[in-house]
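Some notes on the structure that comes next.
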Amino acid sequence: MAKRDYYEVLGISKGADESEIKKAYRKMAKKYHPDANDSPDAEEKFKEIQEAYEVLGDTTKKSTYDRYGHSAFDQNGSSGFGGAQGFGGFEDLSDIFGSFFGGGFGGSRQSRANMPMQGDDKFLVLTIDFMEAAHGVEKEIEILFDEECDHCHGSGAESKDDIETCPTCNGSGTINEQVRTAFGAMMQQSVCPTCNGSGKSIKNKCHKCHGEGSIKKKIKVDLKVPAGINTGQQLRVSGKGEKGSNGGPYGDLYVEINITPHDFFTREGNDVFLTIPISYSDAALGTKVDVPTVHGEVELSIPEGTQAKTKFRLKQKGIKDIRGRGQGNQYVIVDIITPTKLSKDEKRLFEELKELEQNDGDTLFDKFKKKMNFKN
């Protein structure tokens, strides 16, 4: 099966800059990470996303991919580089082969395989309710974490004397292999399969972590959710992601917030909307009501003659901006309720009101038809 375009995999355009590429990668990785997605193809898609970011997230690799596509990475030499006549199609052959084959024409790069590498980030979704988002809340979340082994302190060895130089790579963390390319046989540098790039081998593994250097544990993390946060926004917890390699730091934990809807309040940005019912008599004569807001009750004066769907503004009674840029408003929408069951006295009063309206001349509906100038 042909590989998908890397830009398509990350859902970005070819003009995307470094920050857009990184943002798209995090979004897609979070969506398809096997820990967060139970779909049968989640793991395969996650690997595809990782592969795409490995290329597009590297300036040199991205430039080469933009010029030659997937064929730039075809180590069998069946396409890509083989299509050029002589050397006219390459602006910098040394740079290209230095990036992908370990040092260009006869050169060699300094190996970085055994350098400390930061671990991958982790992602999870936390659901909170409407009021918790409006006012902020502190939550205790439980995660599975690779905690450093307290016996070997991350080395994976039973003792310091059990750590030796890897016999396969002689401590470099890499090995050189001969591969066929469009230009003939060349040397390619890859991570040592024996030590996985660490440059070390362990004679006797730690009895507690069995050579892993860490032990998986369920730990509790305190998370402070700020007031004003909205659905889809993320909070970062430093150092609570995946374990780094070769003594590198842990990745970070990203917590995406999901907010359950409120039964009555709705939110648009930092503004809050609330629909309240009033009677025909209150709408006609005017009234005062104590309106609920996310910050408590506020008295609202409803003037006489108020129409249905009239909107009133309660200034700065909405959601506090998460970045400290002021506060939203609350908007109160009036819903005039028609009674469905009338007592005898209520019915009599409505009938009297109807007679008064008819004595005044045309009814409201008659006036409406005259405005339409309707003729059969």
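If you read the sequence from its start, that first residue is 1, and numbering goes on from there. Worth saying up front: this structure is predicted, and the values here are computed from it rather than measured.
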**Request:** Assess whether atom CD of E352 is packed by more than 12 heavy atoms of other residues, nucleotides or ligands within 6.0 Å.
**Result:** yes
**Any L56 side-chain heavy atom under 4.5 Å of Y25 side chain** = no
**Message:** With heavy-atom distances below 4.5 Å as the criterion, would you say the side chains of K31 and F46 are in contact?
**Reply:** no
**Item:** Heavy-atom side-chain contact between K317 and V272 under 4.5 Å
**Value:** no
**Asked** What pair of heavy atoms forms the shortest contact from M28 to V9, and how long is it?
**Response** CE-O, 3.5 Å
**Prompt:** Side chains of D162 and S159: is there a donor and an acceptor less than 3.5 Å apart?
**Reply:** yes
**Complete:** Rounding to 0.5 Å, atoms CD1 (I143) and NZ (K122) come to a distance of 5.5 Å
**Request:** Answer whether the closest heavy-atom distance between the side chains of N329 and K315 falls below 4.5 Å.
**Result:** yes
**Nearest-0.5 Å distance that lies between atom CD in E43 and atom NE2 in H33** = 10.0 Å
**Message:** side chain to side chain contact (heavy atoms under 4.5 Å, CB included), that's the test. Do Q50 and D120 meet it? Break it down for me.
**Reply:** CA-CA 11 Å; Q50 295 279 63; D120 292 334; 4.0 Å; yes
**Item:** Hydrophobic cluster membership, F350 vs I337, 4.5 Å side-chain cutoff
**Value:** no
**Request:** Take I229 and I128 through the test side chain to side chain contact (heavy atoms under 4.5 Å, CB included) and record every step on the way to the result.
**Result:** CA-CA 10 Å; I229 199 164; I128 61 176; 4.2 Å; yes
**Item:** Check: Q233 side chain, I257 main-chain N or O, donor-acceptor pair, under 3.5 Å
**Value:** no
**Asked** How far does CD of E351 sit from CG of L342, to the nearest 0.5 angstrom?
**Response** 9.5 Å
**Asked** Can you find a side-chain donor-acceptor pair between Y6 and E51 that sits under 3.5 Å?
**Response** yes
**Item:** Flag if over 12 foreign heavy atoms under 6.0 Å of NZ, K243
**Value:** yes
**Request:** Over all heavy atoms of both residues, which pair between D146 and S214 is shortest? Give the atoms and the distance, please.
**Result:** CB-OG, 3.7 Å
**Sidechain-backbone polar pair: T231 side chain, I259 backbone, donor-acceptor under 3.5 Å** = yes
**Asked** Going hydrophobic residue to hydrophobic residue with side-chain gaps under 4.5 angstrom, can you get from I276 over to V298?
**Response** yes
**Asked** Side-chain contact, heavy-atom cut-off 4.5 Å: K309 with D335?
**Response** yes
**Request:** Could you walk me through whether I333 and K311 pass side chain to side chain contact (heavy atoms under 4.5 Å, CB included), step by step?
**Result:** CA-CA 4 Å; I333 299 120; K311 186 190 294 183; 4.2 Å; yes
**Asked** Between the main-chain N or O of I336 and the side-chain N or O of Q307, is there a donor-acceptor pair closer than 3.5 Å?
**Response** no
**Prompt:** Given the rule that I, L, V, M, F, W and Y join up when any side-chain heavy atoms are under 4.5 Å apart, are I219 and L223 in one cluster?
**Reply:** yes
**Request:** Evaluate the side chain to side chain contact (heavy atoms under 4.5 Å, CB included) criterion for residues L253 and I141: first the C-alpha distance (whole Å), next the side-chain angles of each, then the deciding distance (0.1 Å), finally the verdict.
**Result:** CA-CA 11 Å; L253 170 67; I141 56 177; 4.2 Å; yes
**Residues K208 and D150 bridged, charged N to O under 4.0 Å** = yes
**Message:** How long is the straight-line distance from CD of Q327 back to NE2 of H295, given to the nearest 0.5 Å?
**Reply:** 4.0 Å
**Item:** Minimum side-chain heavy-atom gap E158-H151 below 4.5 Å
**Value:** yes
**Item:** Co-membership, hydrophobic cluster, residues F264 and I319, 4.5 Å side-chain
**Value:** yes
**Message:** Can you see whether S13 engages Y7 through a side-chain donor-acceptor pair at a distance of less than 3.5 angstrom?
**Reply:** no
**Complete:** The side-chain contact (heavy atoms from CB on, under 4.5 Å) partner of C169 among P193, S201, C192 is C192
**Fill in**
For D129 and M131, the nearest pair of non-hydrogen atoms, with its separation, is OD1-N, 3.1 Å
**Complete:** Result for side chain to side chain donor-acceptor pair (under 3.5 Å) between Y65 and one of D5, D58, T60 points to D5
**Item:** Shortest non-hydrogen separation from D252 to S238 and the atoms involved
**Value:** OD1-CA, 3.3 Å
**Item:** Closest non-hydrogen atom pair between G15 and E20, with its separation
**Value:** O-OE1, 4.2 Å
**Request:** From the options F273, F312, F265, select the one residue that forms a side-chain contact (heavy atoms from CB on, under 4.5 Å) with Q330.
**Result:** F265
**Prompt:** Side chains of N270 and R267: closer than 4.5 Å at any heavy-atom pair?
**Reply:** yes
**Prompt:** Any idea which heavy atoms bring S190 and E177 closest together, and the distance?
**Reply:** OG-OE1, 3.3 Å
**Complete:** Separation between CG (N204) and SG (C152), nearest 0.5 Å, reads 13.0 Å
**Asked** Can you tell me if N258 uses its side chain to pair, donor with acceptor, with the backbone of L126 under 3.5 Å?
**Response** no
**Under 3.5 Å: donor-acceptor pair, side chain of E346, backbone of S343** = yes
**Asked** Would you say E164 has more than 12 foreign heavy atoms packed within less than 6.0 Å of its CD?
**Response** yes
**Prompt:** Is V237 reachable from L235 through a run of I, L, V, M, F, W or Y residues, each pair having side-chain heavy atoms under 4.5 Å apart?
**Reply:** yes
**Request:** Side-chain contact test, heavy atoms from C-beta onward, threshold under 4.5 Å: evaluate it for I12 versus I21 and give yes or no.
**Result:** yes
**Request:** Measure centre to centre between the rings of F145 and Y250, then say whether the value is under 6.0 Å.
**Result:** yes
**Rounded distance [0.5 Å steps], SG in C206 versus NE2 in H153** = 9.5 Å
**Request:** Assess the side chains of S19 and D17: does a donor N or O sit below 3.5 Å from an acceptor N or O?
**Result:** yes
**Heavy-atom neighbours of E297 CD exceed 12 at 6.0 Å** = yes
